[in-house]
Amino acid sequence: MKLNYKIPKYLKDAYNKELGLYEVALAKSDFTNAWYHLERSHIIGQSYPIEHTYSHWLMLKFGFMQKDTKEVLGQIIRLLVGYWKSFIDHVPLGNTGGANVPPLKSMPIPNDIKNLFNSK
């Protein structure tokens, strides 16, 4: 069984870029783009426990900001299990991480992120 514990630098850089874009959009109250970049950070970091959990933490905080009960409840559940699923490399690739999608559903990976994964 493969155990994931540390994200490679090239993925960490892309992950941090998405989080930076999230912060910029959030500061402008551009909530649609803020969420978009949170989803992308989730896709990039979901195979790594710390990044995966942090993406869900930010999604939880975003849900509170938006007063979105469904999102808050969905993120609490994801926070409880996401870390371990990442650690044992058992995540649904491409899943955007929001409560609007089933937590175990694999989804298409955006082409630019797919190319990033393949650039290893």
Side-chain angles (χ1 to χ4, degrees):
M1 168 176 29
K2 178 182 174 193
L3 299 178
N4 290 333
Y5 58 93
K6 186 172 181 190
I7 190 170
K9 183 176 178 355
Y10 74 100
L11 291 179
K12 181 72 171 188
D13 291 344
Y15 175 84
N16 285 334
K17 179 181 176 187
E18 293 300 333
L19 292 182
L21 293 169
Y22 159 73
E23 292 290 338
V24 168
L26 192 61
K28 295 178 181 178
S29 296
D30 183 355
F31 302 120
T32 301
N33 271 328
W35 185 255
Y36 170 78
H37 291 293
L38 274 182
E39 289 179 322
R40 289 174 56 84
S41 77
H42 181 270
I43 294 168
I44 294 167
Q46 76 181 131
S47 290
Y48 304 94
I50 293 170
E51 289 75 17
H52 189 193
T53 302
Y54 189 63
S55 290
H56 283 300
W57 171 250
L58 292 177
M59 289 178 168
L60 174 65
K61 288 174 50 177
F62 189 87
F64 275 116
M65 282 188 286
Q66 298 297 303
K67 297 178 174 63
D68 184 338
T69 304
K70 179 182 176 188
E71 194 62 50
V72 169
L73 294 174
Q75 292 308 321
I76 290 170
I77 292 166
R78 285 160 176 81
L79 278 166
L80 292 173
V81 297
Y83 181 90
W84 298 108
K85 295 290 244 180
S86 297
F87 186 69
I88 62 171
D89 198 30
H90 194 270
V91 294
L93 294 179
N95 187 292
T96 54
N100 61 326
V101 297
L104 300 177
K105 180 181 181 180
S106 292
M107 300 170 72
I109 299 172
N111 286 333
D112 64 321
I113 295 175
K114 191 183 303 183
N115 291 338
L116 178 66
F117 289 158
N118 292 333
S119 70
K120 211 178 187 190

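In what follows, every heavy atom counts, from backbone to side chain, and hydrogens, waters and symmetry copies are set aside.
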Would you say [X] and [Y] are hydrophobically clustered, going by side-chain heavy atoms of ILVMFWY under 4.5 Å?
X: Val81; Y: Val101; result: no
X: Leu38; Y: Ile76; result: yes
X: Ile109; Y: Leu11; result: yes
X: Leu79; Y: Val91; result: yes

From [atom1] ([X]) to [atom2] ([Y]), nearest 0.5 Å:
X: Lys12; Y: Lys9; atom1: NZ; atom2: NZ; answer: 10.5 Å
X: Ile44; Y: Ile7; atom1: CD1; atom2: CD1; answer: 8.0 Å
X: Ile113; Y: Leu93; atom1: CD1; atom2: CG; answer: 11.5 Å
X: Thr53; Y: Leu80; atom1: OG1; atom2: CG; answer: 10.5 Å

Which residue pairs pass the side chain to side chain donor-acceptor pair (under 3.5 Å) test with at least one member in residues 87-100, sequence neighbours excluded?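 Counting only pairs at least two positions apart or across chains, the side chain to side chain donor-acceptor pair (under 3.5 Å) contacts touching residues 87-100 are Asn4-Asp89, Lys85-His90.
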Taking salt bridge (charged side-chain N to carboxylate O under 4.0 Å, His left out) as the test, write out the residues that go with Arg78, two or more places apart.
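Scan of Arg78 (salt bridge (charged side-chain N to carboxylate O under 4.0 Å, His left out), adjacent residues dropped) gives none.
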- Item | salt bridge (charged side-chain N to carboxylate O under 4.0 Å, His left out) involving Glu39 - partner list, sequence neighbours excluded |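 Once residues adjacent in sequence are excluded, Glu39 has no partner under the salt bridge (charged side-chain N to carboxylate O under 4.0 Å, His left out) criterion.
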Should Asp13 and Lys17 count as an ion pair when the cut-off is N to O under 4.0 Å?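 Answer for the salt bridge query: no.
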Under the rule for ring pair (Phe, Tyr, Trp, His ring centres under 6.0 Å), what residues qualify as partners of Tyr54, not counting sequence neighbours?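 Residues passing ring pair (Phe, Tyr, Trp, His ring centres under 6.0 Å) with Tyr54: none at all.
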| query | Which heavy-atom pair separates Pro103 from Pro92 by the least distance, and what is that distance? | reply |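 What the structure gives for the nearest pair is O-CG, 3.2 Å.
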For Phe117 versus Ile43, what's the shortest heavy-atom pair and its separation?
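In terms of heavy atoms, the two residues are closest at CZ-O, 3.6 Å.
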- Task: Indicate yes or no: at least one non-hydrogen side-chain atom of Tyr48 is less than 4.5 angstrom from one of Tyr5.
- Result: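 Tyr48 vs Tyr5: side chains apart.
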Compile the donor-acceptor pairs under 3.5 Å between side chains in residues 21-32 and protein atoms, sequence neighbours left out, one pair per line.
unit_1: Asp30; atom_1: OD1; unit_2: Asn33; atom_2: N; d: 3.3
unit_1: Asp30; atom_1: OD2; unit_2: Asn33; atom_2: ND2; d: 2.8

Listing, residues 55-69 side-chain donor-acceptor contacts under 3.5 Å, not counting sequence neighbours, or none:
unit_1: Ser55; atom_1: OG; unit_2: Tyr15; atom_2: OH; d: 3.4
unit_1: Ser55; atom_1: OG; unit_2: Ser41; atom_2: OG; d: 3.1
unit_1: Ser55; atom_1: OG; unit_2: Glu51; atom_2: O; d: 3.2
unit_1: His56; atom_1: ND1; unit_2: Gln75; atom_2: OE1; d: 2.6
unit_1: His56; atom_1: NE2; unit_2: His42; atom_2: NE2; d: 3.0
unit_1: His56; atom_1: NE2; unit_2: His52; atom_2: NE2; d: 3.0
unit_1: Asp68; atom_1: OD1; unit_2: Lys70; atom_2: N; d: 3.2
unit_1: Asp68; atom_1: OD1; unit_2: Glu71; atom_2: N; d: 3.0

